[in-house]
Enquirer: 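Take a look at the following structure, please.
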Amino acid sequence: MIKIYNFARGARGLRVMWQCEEMGLPYQVEMVSFPPSEAYLALHPLGTVPFLEDEGGVAIHESVAMMLYVAQQYGPTPLLPGKGDPALARVLQMAVFGEATIGAAVNALLTAHFGAPEADKRNWSVRAHEASVEKALRFTADMLGNMPFLAGEGLTLADISVSTAIGIYRGALGKTLPDELVTYQERIAARPEYQRARARCRELRSDGGAPS
């Protein structure tokens, strides 16, 4: 069975849990302390989350890689269009874009916001990363257009990736979004599968992070 290691409020681990809910897959969650324990570092030396284990010795970090693995290992699934489907290229592009472009810049902003000395919280690098995210959000809103989801009428990995990155930007940093993306995020949040994954995280936090 899939096992997902995550911090109590780790949005990227939630990303994978949400995918499992969408696909109807059983999964286990184990909360990771911060700083990570020696036992966890022995399992995953980088000490980051999320981290996924599966049968056959599978061990993966990087949440988008996990998403692609789960979709291919346990699919087919509408979350990842099949070979020959013209939507496949768009889904792969935006799934990676959500982490490599939006998520990477947001990580730098989080580091500055919570860790930098006061004098450096608004330095040139922070301003450059803010401009990068704002440009990426405008691009995302334009890609969305009048569609309910990034690749058309149905939710895909692109949405799970991008909406998670947008959620971190909005929630952890208190940033505003283009109106189109506010509506998009509300549509995402209303999904029962997303709500179940969120509820599972809350349950684990409330019982002290015991594995499920």
Enquirer: Report the distance from atom CZ of Arg196 to atom CH2 of Trp18, rounding to the nearest 0.5 Å.
Expert: 12.5 Å
Enquirer: Look at the side chain of Asp159 and the backbone N and O of Thr156, then say whether any donor-acceptor pair between them is shorter than 3.5 Å.
Expert: yes
Enquirer: Out of curiosity, Gln28 CD to Cys20 SG, how far, rounded to the nearest 0.5 Å?
Expert: 11.0 Å
Enquirer: Kindly say whether Tyr40 contributes a backbone atom to a donor-acceptor pair with the side chain of Ser37 at under 3.5 angstrom?
Expert: yes
Enquirer: Is it the case that over 12 heavy atoms from other parts of the model lie below 6.0 angstrom from the CG atom of Asp142?
Expert: yes
Enquirer: Within the distance-only criterion (no hydrogens, no angle test), does the side chain of Asn123 pair as donor or acceptor with the backbone N or O of Val126 below 3.5 angstrom?
Expert: yes
Enquirer: Counting only heavy atoms from other residues, nucleotides and ligands, does the tally under 6.0 Å from NZ of Lys135 exceed 12?
Expert: no
Enquirer: Any cation-pi pair here, Arg9 with Phe34, using under 6.0 Å and within 45°?
Expert: no
Enquirer: Evaluate salt bridge (charged side-chain N to carboxylate O under 4.0 Å, His left out) for Glu193 paired with Arg198, printing each intermediate quantity in order.
Expert: CA-CA 9 Å; Glu193 297 85 357; Arg198 287 291 302 269; over 6 Å; no
Enquirer: Would you find a donor on one side and an acceptor on the other, under 3.5 Å apart, between the side chain of Lys121 and the backbone of His113?
Expert: yes
Enquirer: Please confirm whether the backbone N or O of Ser63 pairs with a side-chain atom of Arg12, one donor and one acceptor, at under 3.5 Å?
Expert: no
Enquirer: Assign the ring pair Tyr5 / Phe51 to parallel, tilted or perpendicular, where the plane angle (0 to 90°) is split at 30° and 60°.
Expert: tilted
Enquirer: Pick out which of Ile166, Thr176, Val162 makes a side-chain contact (heavy atoms from CB on, under 4.5 Å) with Leu137.
Expert: Ile166
Enquirer: Going from CD on Gln73 to CG on Leu68, what distance comes out if it is rounded to the nearest 0.5 angstrom?
Expert: 13.0 Å
Enquirer: Please report the interatomic distance OG(Ser161) to CE(Met67), rounded to the nearest 0.5 Å.
Expert: 5.0 Å
Enquirer: State the CD1-CD distance between Ile160 and Gln19, to the nearest 0.5 angstrom.
Expert: 5.0 Å
Enquirer: Look only at the side chain of Arg127 and the backbone of Arg122, and say whether a donor-acceptor pair between them is shorter than 3.5 Å.
Expert: yes
Enquirer: If I take atom OG from residue Ser163 and atom CZ from residue Arg191, how far apart are they, to the nearest 0.5 angstrom?
Expert: 10.0 Å
Enquirer: Sub-3.5 Å donor-acceptor pair from the side chain of Asp54 to the main-chain atoms of Val58, do we have one?
Expert: no
Enquirer: Is a side-chain N or O of Arg90 found less than 3.5 angstrom from the main chain of Met143, in a donor-acceptor match?
Expert: yes
